[in-house]
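What you are looking at is a predicted structure, and each value in this text was computed from that prediction instead of being measured. All values below come from the heavy atoms of this structure, side chains included, with hydrogens, waters and symmetry mates left out. A, B, ... follow the sequence lines: proteins, then strands. Residue 1 opens every chain.
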Amino acid sequence: MRTREASDSGLVTRPNRRFFATDAATLAKRLIGCRLVRVLSDGERLSGVIVETEAYLGVQDRASHAFGGRRTARNEAMYSPPGTSYVYFTYGMHFCMNVVCGAVDEPAAVLLRALEPSEGLARMRLFRATPSRPAPADTDLCSGPGNLCRALAIDRALNGVDLVESDQIWVERGGFGRLRLETSPRIGIPNAGEWVDKPLRWFVAGHPHVSAGAAARSGEQGVRKKPLQRRGGKSR
DNA sequence: CCACAGATTCTCT
DNA sequence: GAGAATCTGTGGC
């Protein structure tokens with residue numbers, strides 16, 4: 001296990017490959033409360049705490065890009081070792097980021113759906129700005145898989161990157177107490193037959209940064225609770 | 001608040 | 001040529 005100086009709270013741990021080498025449902029839960037860190041080419045560090053994930057189980061999962069063992073140029077990264085990133089382009093304009101898990105050649109992955117932004121919010125706001133909304137609210141910056149990627153400048157270039165070794169993007173273990181998790185069916189997979197309704201999405205209960213469409217579909221009312229706080233956290 | 005349509009282009013059949 | 005692990009703006013109540 002390597003350690004690394006965090007910018008705000010002393011030593012934090014960066015997980016090794018074993019952390020990722022588990023089934024998708026386990027990793028989906030495990031990643032909640034961890035921090036996703038992105039270092040831009042100019043050196044600026046952006047990060048956020050993962051608050052919403054979805055598990056894509058493997059060849060048997062009809063909602064997965066690797067259903068039935070499908071293996072193409074696009075989803076090739078799913079067949080890489082656990083801890084690899086799988087970034088794909090969809091709907092003609094959005095990127096989505098997954099963390100590959102399972103064993104080598106077992107195409108399982110966890111989709112990152114929302115973060116509570118921690119570092120680099122001003123830069124994220126720039127990346128997420130549109131003419132009609134030049135300064136998006138903090139709760140909108142990284143809520144939803146496409147938004148998260150835009151806020152952190154995650155695109156094709158980060159497909160297939162090794163999150164265990166990369167200095168551009170990685171995960172750090174959570175420093176939080178026990179988080180109350182909820183599950184729901186996954187979002188946006190209407191044609192996955194019996195897999196549509198399986199509870200393979202996890203999120204922090206009542207968390208304001210969970211993606212909006214998702215909250216609606218899980219029966220949440222627009223609950224606004226406190227953001228996450230570091231356990232024993234020293235305030236900066 | 002909710003529902004719906006449109007955007008936009010890649011990927012595989 | 002169809003469909004996509006999405007998001008946003010618009011229009012209705």
Side-chain angles (χ1 to χ4, degrees), chain A residues 24-25 27-28 31-32 36 50-79 84-102 107-115 117 124-125 127-160 183-203 208-224:
Chain A
L27 185 65
L31 283 173
I32 302 264
L36 179 66
I50 298 167
V51 296
E52 179 183 351
T53 59
E54 281 177 2
Y56 288 84
L57 269 39
V59 298
Q60 77 275 25
D61 182 352
R62 189 164 158 191
S64 171
H65 291 166
F67 174 61
R70 203 159 60 99
R71 182 168 187 167
T72 65
R74 172 163 91 146
N75 73 357
E76 182 60 32
M78 293 187 80
Y79 292 83
T84 302
S85 74
Y86 168 43
V87 179
Y88 67 88
F89 182 73
T90 191
Y91 290 106
M93 60 189 88
H94 300 293
F95 292 98
C96 293
M97 175 175 171
N98 294 255
V99 178
V100 174
C101 56
V110 174
L111 173 68
L112 304 182
R113 289 197 55 93
L115 311 179
M124 294 183 192
R125 233 171 263 127
F127 289 148
R128 290 273 292 114
T130 61
S132 62
R133 228 184 28 170
D138 292 358
T139 47
D140 291 336
L141 291 178
C142 302
S143 298
N147 290 340
L148 176 167
C149 285
R150 181 162 291 273
L152 270 60
I154 295 167
D155 64 18
R156 225 180 293 277
L158 294 181
N159 183 40
T183 66
S184 82
R186 293 171 293 183
I187 308 297
I189 50 159
N191 302 315
E194 75 208 49
W195 290 86
V196 167
D197 295 318
K198 295 194 186 289
L200 292 173
R201 168 177 171 253
W202 283 267
F203 55 98
H209 294 254
V210 166
S211 62
R217 267 163 276 200
S218 74
E220 298 239 313
Q221 316 291 353
V223 200
R224 299 268 143 168

Atom [atom1] of [X] to atom [atom2] of [N]: distance rounded to whole Å?
| X | N | atom1 | atom2 | answer |
| --- | --- | --- | --- | --- |
| Phe95(A) | dT11(B) | CZ | P | 9 Å |
| Asn98(A) | dT6(C) | CG | C1' | 14 Å |
| Leu148(A) | dC7(C) | CG | C1' | 14 Å |
| Leu57(A) | dA5(C) | CG | P | 16 Å |
| Asp155(A) | dT6(C) | CG | P | 18 Å |
| Trp202(A) | dA5(C) | CH2 | P | 19 Å |
| Leu141(A) | dT6(C) | CG | C1' | 17 Å |
| Arg150(A) | dT8(B) | CZ | P | 12 Å |

Subject >> SB check Asp61(A) Lys198(A) (cutoff 4.0 Å) >> reply: no
Original post:
Is the closest basic N to carboxylate O distance between Glu194(A) and Arg62(A) below 4.0 Å?
Top reply: no
Original post:
Within the structure shown, what part of the strands sits under 4.0 Å from Ile189(A) by heavy-atom distance: base, sugar-phosphate, or nothing?
Top reply: sugar-phosphate
Subject >> Contact summary for Leu111(A) and Pro145(A), nearest pair of heavy atoms >> reply: CD1-CB, 4.1 Å
**OP:** Ignoring backbone atoms, establish whether Asn75(A) has a side-chain N or O less than 4.0 Å from OP1 or OP2 of dT11(B).
**Re:** no
Original post:
Distance under 6.0 Å and angle within 45° of the ring axis: does Arg156(A) meet both against Phe89(A)?
Top reply: yes
Original post:
Does Arg201(A) count as lying over the ring of Phe203(A), i.e. NZ or CZ under 6.0 Å from the six-ring centre, within 45 degrees of the axis?
Top reply: yes
Original post:
Does Asp155(A) have any salt bridge (charged side-chain N to carboxylate O under 4.0 Å, His left out) partners at least two apart in sequence or in another chain, and if so, which?
Top reply: none
**OP:** List in numerical order all residues of residues 87-94 of chain A for which some heavy atom is under 4.0 Å away from an atom belonging to DNA chain C.
**Re:** Tyr88(A), Thr90(A), Tyr91(A), Gly92(A), His94(A)
Original post:
If you pin Pro190(A) and Arg128(A) to their nearest nucleotides in DNA chain C, which one's is more 5'?
Top reply: Pro190(A)
Subject >> Nearest listed nucleotide, side chain of Arg156(A), among dT11(B), dG9(C), dA5(C) >> reply: dT11(B)
Subject >> Nucleotide nearest Asn191(A) when distance is taken to its side chain, options dA5(C), dA4(C), dT8(C) >> reply: dA4(C)
Any side-chain heavy-atom pair of [X] and [Y] under 4.5 Å:
| X | Y | value |
| --- | --- | --- |
| Leu112(A) | Leu148(A) | yes |
| Leu115(A) | Leu152(A) | yes |
| Tyr88(A) | Asn75(A) | no |

**OP:** Return the set of residues passing side chain to side chain contact (heavy atoms under 4.5 Å, CB included) with Asp197(A) (not counting sequence neighbours), or none when no residue passes.
**Re:** none
**OP:** Return one dot-bracket line describing DNA chain B 5' to 3' (Watson-Crick or G-U wobble pairs, both distances under 3.5 Å; ( ) same strand, [ ] crossing, | another strand, . none).
**Re:** |||||||.||||.
Subject >> Which residues share a side chain to side chain donor-acceptor pair (under 3.5 Å) with Arg150(A), sequence neighbours left out >> reply: none
**OP:** Drop me the distance from Cys142(A)'s SG to His209(A)'s NE2, to the nearest 0.5 angstrom.
**Re:** 9.0 Å
Original post:
For DNA chain B, which residues in residues 62-74 of chain A have a heavy atom at a distance below 4.0 Å?
Top reply: Arg70(A), Thr72(A), Ala73(A), Arg74(A)
